[in-house]
Amino acid sequence: MIWLALDTVWRLFFLQGSRNGRTIDGLGFFHIMEPLVRRLAGRGQDRAEAAGRYAGYFNCNPLMSSYIVGALTRMELDSADEGGLDPRKAERITDTLSAALTARGDYFVEIVLLLVSLTIGSIFAIYTWYAGPVVFLILYNLYNFRIRIGGYRTGLHLGEGTGRVLAAKLLKEQKILGAVAAFSGGVLAALVVLRAWRFGGPRIAAAGVVLAAAAYFARGRMSPLKTAFLLLLAAGVFLALW
Amino acid sequence: MNPLLIASLVGGALSFEYRTSIRLYLSAPLVSGLILGLILGYPGLGLTAGLMMQLLFIGTVRLRGRPEADLPTAGVIASAAFIIVSRDLGRISPMSGLILFWSLLLGLMVAAAGSIFYTQWERFASRLAGRGLDMAAKGRTRTASAIHMALSLVHFAWGFLIIIIVLPPGLAAVKYLSTRIDVMSAGSMESIPFLIPVIAAGAILKLLSDRTRLFWFGAGFLFVAVFFVFGGGV
């Protein structure tokens with residue numbers, strides 16, 4: 001069992017390597033499930049049949065997919081003596097869990113976890129230089145590893161019931177981390193405005209606030225890349241003319 | 001080793017790290033800038049460029065199915081350009097605003113190129129991934145896995161190639177623009193490292209949609225403001 005777990009866990013970190021427009025991460029998901037398929041084939045199941053259950057479309061947040069892999073592994077091992085998991089059931093579990101976990105996971109990772117760790121890391125980077133990236137890496141990866149490796153274990157433990165437990169757990173942490181992200185965002189905002197004021201006086205601080213307002217209104221209306229281009233150019237033009 | 005080769009190798013490795021979903025976020029410009037700076041011997045310069053690139057994109061939410069800026073390569077190329085041009089021009093200061101400005105612009109162009117490349121690549125990879133899945137369904141599971149890992153290597157190749165192709169002309173352009181305009185312009189561009197972080201504050205605020213989070217944002221802001229007034233400055 002330990003070898004199967006190890007062989008699966010390292011593959012979790014390569015899920016999106018073959019991402020494409022049609023099956024999204026389907027091949028990556030199969031790559032993760034491949035050790036299990038080999039194991040099932042070793043127990044007398046038809047290899048092609050076992051593989052066919054996991055050779056299709058897959059679209060899930062890469063961190064959250066560990067729960068699905070864990071849950072499916074548990075269910076496959078439990079039903080190994082009965083000729084393997086019913087393909088329709090395997091598909092239903094994969095689809096249901098990935099839909100539920102992707103919505104929650106994308107929000108948790110993109111809007112809460114990344115924001116809080118990047119904001120705190122940036123504050124440290126602005127003031128104490130090298131500590132910033134280290135603080136960011138520690139904060140983010142604490143959750144990254146906990147969700148991926150812990151997620152696989154939880155899935156393996158709970159099987160089909162994984163989704164509900166995880167959703168409740170994430171919601172609780174999301175609230176606390178969201179408040180921390182907002183507080184650290186406020187700290188960063190005040191620090192950078194005061195810092196700009198100190199360096200260039202009220203004019204630079206005011207220009208910064210105008211550009212910050214522009215960033216506020218542009219986000220969501222324009223792509224992030226276009227917004228970054230325009231804001232950098234606006235800052236450059238302002239300073240060149242000043 | 002040649003700094004161009006170093007930057008390309010780092011760019012390839014970090015692109016692989018991000019796109020395959022290893023995603024320890026060593027590829028975040030905040031981190032990659034420092035990594036490149038440490039390797040090239042100017043960590044302060046690398047961190048400054050990386051931090052600024054990161055702050056330009058802070059609060060960005062990746063939407064499924066929408067092209068995203070290729071930040072790993074953008075962070076590496078902006079940091080590499082800032083470090084190498086600063087060193088060549090003898091201006092070893094993280095506050096060298098004009099060089100930083102052009103380096104960031106170069107980084108953003110590479111981010112746009114990466115966005116276009118990956119939109120096309122994901123279409124092209126559909127066929128190959130489809131073949132891999134067909135093989136898997138026929139029981140050739142190891143071959144399917146090998147196809148997956150082979151496709152993953154494209155990310156390293158992209159990161160490596162875009163940097164080694166774009167960096168030499170990019171360095172020449174950044175050097176030219178920094179010296180040429182510097183003759184005429186005032187030192188006001190030195191304010192760039194102070195202006196970009198303020199822009200980031202607006203982007204962060206945008207993400208805080210509900211009242212509770214706005215309350216905590218205000219609390220954080222006031223906390224620093226009070227500390228600044230009564231605590232003798234920041």
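Lettering follows sequence order; numbering is per chain, from 1. Owing to the predicted nature of the structure, the values given are computational and were not obtained by experimental measurement. Reckoned from all heavy atoms, side chains included, excluding hydrogens, waters and symmetry mates.
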Toward chain A, the part of [X] with a non-hydrogen atom under 4.5 Å:
X      : result
B:L47  : side chain
B:F215 : neither
B:I196 : side chain
B:F223 : side chain
B:L34  : side chain
B:L26  : both
B:L208 : side chain
B:L56  : both
B:R213 : both
B:A150 : neither
B:R142 : both
B:L153 : neither
B:M53  : neither

Go through the atoms of [X] and report whether side chain, backbone, both or neither lie under 4.5 Å from a heavy atom of chain B.
X      : result
A:T119 : both
A:A213 : neither
A:Y107 : side chain
A:D25  : neither
A:R148 : side chain
A:S122 : both
A:V112 : side chain

For chain A, which of [options] has the most heavy-atom pairs under 4.5 Å?
options                       : result
B:L205, B:L24, B:I192, B:T212 : B:L24
B:I199, B:I35, B:L71          : B:I199
B:A201, B:G130, B:A137        : B:A137

Option in [options] with maximal non-hydrogen atom pairs under 4.5 Å from chain B:
options                       : answer
A:E34, A:R22, A:R47           : A:E34
A:G236, A:A235, A:A50         : A:G236
A:S184, A:A179, A:A51, A:A196 : A:A179
A:G52, A:S223, A:G56          : A:G56
A:A207, A:A189, A:A218        : A:A189
A:T227, A:V193, A:V192        : A:V192

Straight-line distance of [X] [atom1] to [Y] [atom2], nearest 0.5 Å:
X      : Y      : atom1 : atom2 : answer
A:F183 : B:F221 : CZ    : CZ    : 12.5 Å
A:N20  : B:L151 : CG    : CG    : 8.5 Å
B:L108 : A:F229 : CG    : CZ    : 5.0 Å
B:I22  : A:L12  : CD1   : CG    : 12.0 Å
B:T48  : A:I126 : OG1   : CD1   : 10.5 Å
A:R198 : B:F194 : CZ    : CZ    : 11.0 Å

Can you name the closest pair of heavy atoms from [X] and [Y] and give their distance?
X      : Y      : result
B:A69  : A:L225 : CB-CD1, 3.8 Å
B:H155 : A:Q16  : NE2-O, 4.3 Å
A:S18  : B:S152 : N-OG, 4.4 Å
A:A55  : B:A136 : CB-CB, 4.0 Å

Inset, instruction - Determine, stepwise, if the pair A:L114 / B:Y25 fulfils side chain to side chain contact (heavy atoms under 4.5 Å, CB included). - result: CA-CA 10 Å; A:L114 262 179; B:Y25 271 105; 3.4 Å; yes
Would you indicate whether the side-chain heavy atoms of [Y] and [X] approach each other to under 4.5 Å?
X      : Y      : result
B:L105 : A:L232 : yes
A:L188 : B:F217 : no
A:F238 : B:L195 : yes

Legend entry - Donor-acceptor pair between A:R38 and B:T141 side chains, under 3.5 angstrom: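 Not at all, the side chains of A:R38 and B:T141 share no donor-acceptor pair under 3.5 Å.
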Inset, instruction - Taking B:S21 for its side chain and A:L15 for its backbone only, find out whether a donor-acceptor pair lies under 3.5 Å. - result: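 It does hold such a pair.
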Legend entry - B:H148 (side chain) donor-acceptor with A:F14 (main chain) under 3.5 angstrom: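 Yes; judged by distance alone, with no hydrogens or angles, the pair exists.
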